[in-house]
Amino acid sequence: MDKLFEEYLSTRTVKEATKDGYRKKLIILYNRITNTSNNNLSEIPSDLHFLDDVKFTLSQIDDLAKSTIKTYLAIISPLLKFKNTSNSIKLSEEYGEILMSLNESIQKTTQLQLTNDKLKDSWVDFNEIVDKYDEYVENVGNYGLSIDNMDKNNNAFIALSFLLLFVPRRVCSLAYMKIGFVDELTNIDDIYNEDVMDFNYILLNVEESSAKLVMKNYKTNKIYGIQEFTLSNRLFKLLYSFISTRKRPLKDNEEQFQFLLEKRVGNSLSNLPYTSSAISLLIKTFLSTELDVKGISSKDLRTIYVSTFYNTGKRKYITDIQQEAYKLGHSVNEFNNSYVKKDI
């Protein structure tokens with residue numbers, strides 16, 4: 001089993017500690033099913049035939065909490081698929097269907113109410129917010145950026161644009177976000193240094209008309225480590241226009257990478273970022289005054305985003321959930337349980 005499982009784990013974008021957890025859980029599951037006391041992954045048969053009897057497997061774990069059962073199913077379903085035999089693929093689909101049913105059951109317990117009455121009263125679909133944002137951009141022109149030196153308004157717009165055009169990450173990630181231009185000759189080794197996790201980076205490559213996001217300083221970085229994403233062309237154009245035309249930093253503070261959301265001193269940038277609380281206030285004010293979306297905070301955006309994700313009418317598979325959780329910087333468990341989902 002060692003070789004098969006290690007090859008499978010190499011396809012997962014998770015930290016080594018999480019992989020260790022998967023190994024231990026598979027051993028525990030094997031011992032439950034076979035009524036043994038094995039402590040070594042190598043002793044588990046790589047043919048995975050101990051999982052052939054789905055009903056029996058479920059009967060051996062049905063005394064556990066639903067979230068724990070879901071964790072086991074989330075390991076064995078993709079593992080069976082990875083084995084890639086006709087029988088294992090069939091079993092993977094069967095376990096996957098059970099996982100989805102269990103997941104839907106868990107969701108229903110959280111879809112009945114919102115965490116507070118205020119959000120319930122001001123609820124709006126995530127796509128509706130994006131539509132209002134698009135309308136604002138069309139009316140303002142210039143990608144939505146103000147051209148009359150309204151720095152605070154532009155910072156609010158950029159912060160909200162990141163949350164809507166990428167995904168609504170925690171606002172604290174924006175407080176540590178730096179941005180700069182790179183090309184094929186730029187040395188960015190320090191950015192990918194796992195020993196220094198102080199900042200997040202947006203790398204703009206004008207020659208390729210592309211933007212990469214490198215996430216390092218965020219709440220769950222011990223789970224996922226350094227994350228890298230390719231941002232949309234629309235977001236690239238907006239960010240390029242934003243930092244190309246905004247005020248320049250003080251000479252003593254000029255660096256290759258500036259803070260994305262930076263305070264101003266006189267007519268120059270200060271090299272001091274906005275705090276998380278300040279960014280949250282900017283976003284909430286902009287939503288209310290410019291988009292007429294009242295009473296919605298940046299944290300509410302994540303709740304609404306997850307709810308909209310679950311209420312598209314399409315069945316969600318574990319890989320879909322894992323991908324969205326990864327982009328948001330959440331564990332799958334947090335994605336499913338920590339944010340209240342509302343039927344829309």
Side-chain angles (χ1 to χ4, degrees), residues 142-147 149-183 186-206 210-221 226-232 234-287 297-299 301 329:
N142 193 38
Y143 302 108
L145 295 168
S146 301
I147 58 176
N149 255 347
M150 294 179 64
D151 282 3
K152 185 175 290 188
N153 200 64
N154 277 344
N155 278 316
F157 176 73
I158 287 295
L160 181 61
S161 297
F162 179 86
L163 301 186
L164 296 182
L165 301 182
F166 179 53
V167 292
R169 300 277 301 214
R170 294 181 180 88
V171 163
C172 58
S173 66
L174 287 171
Y176 300 111
M177 187 76 70
K178 290 195 169 188
I179 188 170
F181 293 104
V182 298
D183 56 35
T186 306
N187 186 347
I188 55 175
D189 290 346
D190 288 345
I191 289 178
Y192 291 92
N193 182 358
E194 293 185 348
D195 294 328
V196 182
M197 303 286 280
D198 295 336
F199 301 107
N200 307 309
Y201 295 89
I202 294 175
L203 313 178
L204 299 178
N205 190 316
V206 178
S210 65
K212 284 187 177 179
L213 170 66
V214 181
M215 296 295 299
K216 300 177 71 176
N217 190 338
Y218 61 99
K219 184 177 179 181
T220 52
N221 63 4
I226 296 176
Q227 296 179 301
E228 183 180 88
F229 305 94
T230 298
L231 299 179
S232 67
R234 178 180 180 181
L235 203 45
F236 162 75
K237 290 179 179 179
L238 170 60
L239 294 171
Y240 172 75
S241 179
F242 175 60
I243 69 166
S244 297
T245 58
R246 73 175 178 178
K247 301 296 182 180
R248 308 311 303 164
L250 296 168
K251 287 185 178 181
D252 293 341
N253 289 330
E254 286 196 37
E255 296 183 7
Q256 179 183 3
F257 294 97
Q258 307 163 17
F259 284 105
L260 174 64
L261 305 175
E262 194 163 313
K263 296 178 182 178
R264 195 175 76 172
V265 176
N267 288 321
S268 300
L269 298 176
S270 64
N271 200 35
L272 294 173
Y274 279 87
T275 64
S276 297
S277 58
I279 296 171
S280 296
L281 181 59
L282 286 175
I283 291 171
K284 187 171 184 177
T285 302
F286 190 94
L287 282 167
S297 68
S298 55
K299 182 178 180 180
L301 279 178

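FYI, side chains are in, hydrogens and waters are out, and symmetry mates aren't considered; it's all heavy atoms of this structure.
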Quick check on Tyr176: does its OH atom have over 12 non-hydrogen neighbours (other residues, nucleotides or ligands) under 6.0 Å away?
no

Taking all heavy atoms of Pro273 and all of Ala175, pick out the closest pair and write down the distance.
CB-O, 3.5 Å

For Ser232, give me all partners under side chain to side chain donor-acceptor pair (under 3.5 Å), at least two apart in sequence or on another chain.
none

Enter the distance from Asn205:CG to Phe181:CZ here, rounded to the nearest 0.5 Å.
10.5 Å

Donor-acceptor list for residues 160-168 side chains, cut-off 3.5 Å, not counting sequence neighbours:
unit_1 : atom_1 : unit_2 : atom_2 : d
Ser161 : OG     : Tyr133 : OH     : 2.7
Ser161 : OG     : Phe157 : O      : 2.7

Gap separating the OH atom of Tyr201 from the CG atom of Asp190, nearest 0.5 angstrom
7.5 Å

Can you name the residues that form a side chain to side chain donor-acceptor pair (under 3.5 Å) with Thr285, not counting sequence neighbours?
none

Using the test side chain to side chain donor-acceptor pair (under 3.5 Å), find all partners of Thr230 that sit at least two apart in sequence or belong to another chain.
none

Distance-only, no hydrogens or angles: does the Asn200 side chain make a donor-acceptor pair with backbone N or O of Met177 under 3.5 Å?
no

Test ring pair (Phe, Tyr, Trp, His ring centres under 6.0 Å) applied to Tyr192 - qualifying residues, sequence neighbours left out:
none

Between Asp183 and Thr186 the two heavy atoms that sit nearest each other are N-OG1, 2.8 Å

Sorted by chain and residue number, the ring pair (Phe, Tyr, Trp, His ring centres under 6.0 Å) partners of Tyr143 (sequence neighbours excluded) come out as none

The residue among Ile202, Ile191, Ile179 that forms side-chain contact (heavy atoms from CB on, under 4.5 Å) with Phe257 is Ile191

Kindly write out the residues that satisfy ring pair (Phe, Tyr, Trp, His ring centres under 6.0 Å) with Phe199, not counting sequence neighbours, or none if the list is empty.
Phe259

Kindly compute the distance separating CD1 (Ile226) from CG (Asn221), expressed to the nearest 0.5 Å.
9.5 Å

Shortest non-hydrogen contact from Met197 toward Lys216
CE-O, 3.4 Å

If you count every heavy atom of other residues, nucleotides or ligands that lies below 6.0 Å from Tyr240 atom OH, does the total exceed 12?
no

What residues form a side chain to side chain contact (heavy atoms under 4.5 Å, CB included) with Asn142, not counting sequence neighbours?
Leu145, Ile147, Ser241

Closest non-hydrogen contact found for Phe236 with Ser210 is CD1-O, 3.3 Å

For Ser297, what residues pass the side chain to side chain donor-acceptor pair (under 3.5 Å) criterion, not counting sequence neighbours?
Asp300

Considering residues at least two apart in sequence or located in another chain, which fulfil the side chain to side chain contact (heavy atoms under 4.5 Å, CB included) criterion with Ala159?
Leu174, Leu261, Ile279, Ile283

Please name the pair of heavy atoms, one in Phe229 and one in Gln227, separated by the smallest distance, quoted to 0.1 Å.
CE1-CB, 3.6 Å

